[in-house]
Amino acid sequence: MHTQLLGIDWGTSNRRAYLVRRDGKCLARHADDQGMLAVGGDFAGALASLRERMGVAPDVAVVMSGMVGSASGWQEVPYLDTKVPLTGLPAHLAPVTGHPGCFIVPGYCTRDGAVDVMRGEETQLLGAVGRGLLDGWVVLPGTHSKWVYLRAGKVDQLVTYMTGELFSMLAAGGTLAALMAGGLDDDSAFAAGLQEARRARPLSNALFGVRARVVSKTMAATQARSFVSGLLIGAEFVAAQGHADGAIDIIGSPALSAHYESAAAHFGMPARAHDPDDVYLAALAYFFESV
């Protein structure tokens with residue numbers, strides 16, 4: 001019987017690891033930029049280095065979630081149907097071929113209506129369920145923001161928005177990049193972006209409007225970055241208003257959660273934030289009996 005478990009949230013760009021004891025105590029944690037893209041396909045070597053850095057013995061079982069289980073990851077793991085409850089995830093762990101004691105958590109795929117997928121967020125959602133969040137909308141902001149409706153501990157609806165990726169691309173190159181480069185955190189500009197998202201105009205038109213505001217001297221260039229952030233996040237809330245009119249729970253970093261809480265208040269939606277480390281640790285408790 002395993003007394004310790006190494007849980008790894010292995011994403012595209014970043015990696016977070018937690019060594020936990022069966023009683024739930026976290027013995028060590030580590031975060032770095034050694035995501036899927038950085039390791040160059042050498043997941044086994046990257047895991048060995050991580051074990052050494054954290055002082056984790058070779059016989060400690062490893063449970064990994066995120067893009068490590070994608071077609072571009074260590075080993076592709078098929079998506080589960082959303083009929084499988086989140087508490088059923090431990091029964092569907094995929095052993096990593098040639099690496100005893102290493103397992104990957106499968107993601108979910110919805111096929112009713114619009115097809116959508118998640119990898120990594122399901123583990124955080126399992127932790128949220130373990131902490132008593134069984135029903136309602138959960139928002140997981142990030143590169144690809146997820147809006148997930150839980151019903152009795154199952155994924156009932158899943159909607160993904162490429163908010164973080166779009167923001168990064170707009171800031172890195174193109175018409176708005178130079179304007180966003182000198183941007184400052186500006187609450188009023190963020191709120192103005194949220195308000196602009198309410199207007200019935202295509203997002204591509206609204207984004208060009210950011211440049212128009214600056215060159216016409218209607219808005220200072222230093223406000224462009226926060227305005228774009230508000231516009232993109234606001235677009236999520238506008239789209240969600242057709243199906244998510246009540247309270248939401250947010251699982252994200254403190255900075256992102258603060259932005260989404262502000263947006264929720266702007267759209268009249270009560271919000272409660274949860275620490276992503278806390279929910280991930282809560283999820284790991286479920287996997288001890290399956291490794």
Side-chain angles (χ1 to χ4, degrees), residues 2 4-22 24 26 29-31 34-36 39 43-44 46-47 50-51 54 56 60-110 116-131 133-134 138 140 142-144 146 148 150 153-156 158 160 251-252 274-291:
H2 291 283
Q4 295 183 5
L5 178 68
L6 179 62
I8 306 176
D9 182 2
W10 211 327
T12 302
S13 304
N14 301 298
R15 179 178 64 174
R16 295 181 298 156
Y18 311 82
L19 179 64
V20 296
R21 207 163 58 188
R22 181 175 280 271
C26 184
R29 64 183 71 198
H30 175 82
Q34 294 301 295
M36 178 184 70
V39 302
F43 287 92
L47 175 58
L50 178 65
R51 282 185 185 271
M54 295 183 67
V56 178
V60 172
V62 182
V63 172
M64 299 171 283
S65 61
M67 294 303 289
V68 66
S70 71
S72 302
W74 191 347
Q75 177 178 303
E76 185 174 12
V77 177
Y79 292 105
L80 293 177
D81 187 272
T82 52
K83 292 187 176 74
V84 178
L86 287 156
T87 53
L89 282 171
H92 294 272
L93 290 177
V96 178
T97 303
H99 296 273
C102 293
F103 303 87
I104 297 176
V105 184
Y108 279 102
C109 178
T110 60
D116 213 325
V117 296
M118 72 164 79
R119 282 198 192 276
E121 293 88 359
E122 75 293 319
T123 306
Q124 292 182 313
L125 290 169
L126 171 60
V129 167
R131 291 165 63 89
L133 183 57
L134 300 174
V138 183
L140 302 100
T143 302
H144 297 151
K146 307 286 183 182
V148 182
L150 298 180
K154 291 183 179 181
V155 175
D156 185 70
L158 167 62
T160 303
I251 301 174
H274 303 262
D275 184 271
D277 284 354
D278 290 346
V279 294
Y280 197 87
L281 288 170
L284 293 179
Y286 283 89
F287 295 115
F288 272 94
E289 306 305 326
S290 301
V291 297

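Since the structure is predicted, the reported quantities are computational estimates derived from the model, not experimental observations.
Using a 4.5 Å heavy-atom threshold, the side chains of Leu158 and Thr82 count as separate. Side-chain contact check for Phe43 versus Met36: some heavy-atom pair is nearer than 4.5 Å. Here the side chains of Glu121 and Val148 are not in contact, with every heavy-atom distance at 4.5 Å or above. Using a 4.5 Å cut-off on side-chain heavy atoms (C-beta onward), His92 and Val77 make no contact. Between Leu133 and Val279, every side-chain heavy-atom pair lies at or beyond the 4.5 Å cut-off. At a threshold of 4.5 Å between non-hydrogen side-chain atoms, the residues Asp277 and Tyr18 count as touching.
Distance check, rounded to the nearest 0.5 Å: CG of Leu86 to NZ of Lys154 gives 10.0 Å. The OH atom of Tyr286 sits 10.5 Å away from the CG atom of Leu89 when rounded to the nearest 0.5 Å. Remark: Ile8 CD1 to Leu47 CG distance equals 5.0 Å, nearest 0.5 Å. Between the CG atom of Leu125 and the OG1 atom of Thr87 there is a distance of 12.5 Å, given to the nearest 0.5 Å. Put simply, CG on Leu50 and NE2 on His30 are 5.5 Å apart, with the number rounded to the nearest 0.5 Å.
Looking at Glu122, its side chain does come within 3.5 Å of a backbone N or O of Gly120 through a donor-acceptor pair. No donor-acceptor distance shorter than 3.5 angstrom exists from the side chain of Asp9 to the backbone of Arg16, with no hydrogens or angles considered. Between the side chain of Trp10 and the backbone N or O of Gln34, at least one donor-acceptor pair lies under 3.5 Å.
Among residues two or more places apart in sequence or in another chain, the side chain to side chain contact (heavy atoms under 4.5 Å, CB included) test is passed with Ala283 by Thr123, Leu126. Residues forming a side chain to side chain contact (heavy atoms under 4.5 Å, CB included) with Ala285 (at least two apart in sequence, or on another chain): none. Residues forming a salt bridge (Lys or Arg N to Asp or Glu O under 4.0 Å) with Asp278 (at least two apart in sequence, or on another chain): none. For Ala282, the side chain to side chain contact (heavy atoms under 4.5 Å, CB included) partners are Arg131, not counting sequence neighbours. Legend: residues meeting salt bridge (Lys or Arg N to Asp or Glu O under 4.0 Å) with Arg21, ordered by chain and number and at least two apart, are Asp23. Legend: residues meeting salt bridge (Lys or Arg N to Asp or Glu O under 4.0 Å) with Arg51, ordered by chain and number and at least two apart, are absent. Under the salt bridge (Lys or Arg N to Asp or Glu O under 4.0 Å) criterion, Asp156 pairs with Arg151, not counting sequence neighbours.
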Under 3.5 Å, side-chain donor or acceptor atoms of residues 94-109 against the rest of the protein: list the pairs with distances, not counting sequence neighbours.
residue, atom, partner, partner atom, Å
Thr97, OG1, Gln75, OE1, 3.2
Tyr108, OH, Val84, O, 2.8
Tyr108, OH, Pro85, O, 3.2

Can you give me every donor-acceptor pair (side chain of residues 62-74, partner residue at least two apart or in another chain, under 3.5 Å) with its distance?
residue, atom, partner, partner atom, Å
Ser65, OG, Tyr280, OH, 3.1
Ser70, OG, Met67, O, 2.8
Ser70, OG, Ser72, N, 3.3
Ser70, OG, Gly73, N, 3.3

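The salt bridge (Lys or Arg N to Asp or Glu O under 4.0 Å) pairs that include a residue from residues 90-99 number zero, where partners must be two or more places apart or lie in different chains. Applying the salt bridge (Lys or Arg N to Asp or Glu O under 4.0 Å) rule to pairs touching residues 82-96 yields Asp81-Lys83, sequence neighbours excluded. Applying the salt bridge (Lys or Arg N to Asp or Glu O under 4.0 Å) test to residues at least two apart or on different chains, the pairs with a partner in residues 282-291 are Arg22-Glu289.
Shortest non-hydrogen contact noted between Ala46 and Arg15 is O-NH1, 3.3 Å. Annotation for Gly153 and Val129: closest pair CA-CG2, 4.2 Å, computed over non-hydrogen atoms. The shortest heavy-atom contact between Ser290 and Ala91 is OG-N, 4.3 Å.
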